[in-house]
Chemist: 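Below is one structure. I have some questions about it.
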Amino acid sequence: MNDNIMEKIVALCKRRGFIYPGSEIYGGLTGTWDYGPLGALLKKNIKEEWWKSMVQLRENVVGVDAAIMMNPTVWDKSGHLAAFTDPLVECKVCHQRFRADRKSEIEEHEKTHKEKTEWTSPQKFNLLVKAFLGIIEGQQAQIYLRGEITQGAFVNFENVVSSTRVKIPFGIAQIGKAFRNEITPGNFIFRSREFEQMELEFFVRPIEAEGNKWFEYWKNERMNWYQALGIKKENLRLRKHEDKERAHYAKFAEDIEYNAPFGWSEFEGIHHRGDFDLSAHNLSYVDEEKGKFIPWVIETSGGIDRSLLFFLLDAYSEENGRTFLKLHPKLAPYKVAVFPLLANKENLVSEARKIYEDLRQDMMVAWDDRGNIGKRYFAQDEAGTPFCITVDFQTLEDKAVTVRDRDSSKQERVAIDKLPEYLQGKLK
Ligand code: GAP
């Protein structure tokens, strides 16, 4: 793997406007990040691809968008108040706090002290973020910002069944923000306190064979989705959860992991939640033939921020002195950039503006007339833009432009009136 790739990605993200530290002008807020113009587009593209694959192209999945703030009883019933905890230890020398189960972080910290470091015994630390709601000071209700988006799908289970035509097996999909008071946020956007999840809760008959069949099915679907969007096969693996690491709601679970510079790391969990949640909320399903029963749930729970980081890491390329992001065209923030060869030649600029205005009706198109063409290619390579179009003096005569490919740097002439068709074919 490329040396210092994390440092390079963090710097590129800041330089090009993918990701900035949260509230930076006031010294930041630990565990929060802001997405800049390119990052917001990349994130939106990941979400759109997920929604298309999980909802739009499936008859047996519907989407919801539930509230972030929920009645606190939800978190009591779901087991999060009692069990959504991490083991916390405190360094007795400097009082910094760490997760007891992150051995490497503890060892790293111990190296910062000359004396032998002593630790407090592990305490259970609840990860739910508290908030206060209401208009009378002193009488506000304490609520929680959702620790997983999942519960929004469960509490609406009966609403969805009664307001749509879904029949078991079916799924409820959702994308949204979740919040966790992580003890040690870190590795850039990998572990933060505010992040976004993309989840499917898939309801099946409570039969062993059904549960196993759908677990395998969703595991494969999700692995294939990441590969179809360009993540290299050798950088992906599945890992079964050991008994001690399983979440309180899971019968069994496997993680999709990425071969990150900081080690193999989870970015999506496939969980067999059994009837844990529907039972906890006292919910059931009535089947015309089989009567009333409590379905089991197979969940696919992915992190948008983590997958975005891994899409960036996987796409990062340095070849022949060039740095470029080999992002899948469906994910690339801008699909095309348009340049007039010279910014001070009115006829070149107006021809290029026409192409720019025309193409941007259908896709995100960047405009750049600063510096020389080499500098513009350099900037678009780092933004991951698959194609650059240059309008030159020849264009004024032959009505064709130079199209340059991000990955090969090859250039070809394409007639202006054939550009939309040419790009549509290449951007699939
Ligand atoms: N509903 C199940 C659930 O939330 P999880 O394994 O706790 O399961 C699912 O979280 C995914 O959410 C993770 O695989 C990860 O991608 C993302 N995620 C969890 N905690 C995160 C954090 N602190 N920062 C960024 N992403 C996180």
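Counting starts at 1 for both ligands and their atoms, following the listed order.
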Chemist: Regarding atom 10 (O) of ligand 1: of the candidates H241, E148, Q197, R273, which has the closest heavy atom?
Modeler: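 Selected option, by shortest heavy-atom distance: Q197.
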
Chemist: Just jot down the side chain to side chain donor-acceptor pair (under 3.5 Å) partners of R239, sequence neighbours excluded, or say none.
Modeler: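 R239 satisfies side chain to side chain donor-acceptor pair (under 3.5 Å) with E245, E257 only.
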
Chemist: Could you go step by step and tell me if Q96 and F98 meet the side chain to side chain contact (heavy atoms under 4.5 Å, CB included) rule?
Modeler: CA-CA 7 Å; Q96 232 179 298; F98 290 85; 3.7 Å; yes

Chemist: Please indicate whether any nitrogen or oxygen in R191 is less than 3.5 Å from any nitrogen or oxygen in ligand 1.
Modeler: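 Between R191 and ligand 1 (N or O atoms, distance only) the closest approach is not under 3.5 Å.
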
Chemist: How does E201 reach ligand 1, by side chain, by backbone, by both or by neither, if only non-hydrogen atoms under 4.0 Å count?
Modeler: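 Neither; nothing of E201 gets under 4.0 Å from ligand 1.
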
Chemist: Quick check: does G302 get an N/O under 3.5 Å from an N/O on ligand 1?
Modeler: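 No, since none of the N or O atoms of G302 sits under 3.5 Å from an N or O of ligand 1.
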
Chemist: In terms of ring plane angle, is the pair F84 and H248 parallel, tilted or perpendicular, where the classes change at 30° and 60°?
Modeler: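 Taking H248 first and then F84, their aromatic rings stand perpendicular (interplane angle over 60°).
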
Chemist: Side chain, backbone, both or neither: which part of F310 has a heavy atom under 4.0 Å from ligand 1?
Modeler: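 Looking at F310 and ligand 1, no heavy atom falls under 4.0 Å.
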
Chemist: Give me the ring orientation class for F267 and Y226: parallel if the planes are under 30° apart, tilted from 30 to 60°, perpendicular past 60°.
Modeler: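 Tilted.
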
Chemist: Looking only at protein heavy atoms, which one is nearest to atom 7 (O) of ligand 1, and how far off is it?
Modeler: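 Of every protein heavy atom, R180 NH1, 2.8 Å lies nearest to atom 7 (O) of ligand 1.
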
Chemist: T32: which residues meet the side chain to side chain donor-acceptor pair (under 3.5 Å) condition with it, sequence neighbours left out?
Modeler: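 Partners of T32 under the side chain to side chain donor-acceptor pair (under 3.5 Å) test: none.
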
Chemist: Which option, F267, F190, F195, owns the non-hydrogen atom nearest atom 16 (O) of ligand 1?
Modeler: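 The nearest heavy atom belongs to F267.
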
Chemist: Is ligand 1 under 4.0 Å from a heavy atom in the side chain of R193, in the backbone, in both, or in neither?
Modeler: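 Answer for R193: neither.
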
Chemist: Kindly assign one of parallel, tilted or perpendicular to the pair Y285 and F170, based on the angle between their ring planes and the thresholds 30° and 60°.
Modeler: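 Aromatic pair Y285/F170 classed tilted.
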
Chemist: Should the ring pair F154 and H281 be called parallel, tilted or perpendicular, given that the plane angle runs from 0 to 90° and is split at 30 and 60?
Modeler: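 Tilted.
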
Chemist: Report yes or no: does a heavy atom of E196 sit under 4.0 Å from some atom of ligand 1?
Modeler: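 No.
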
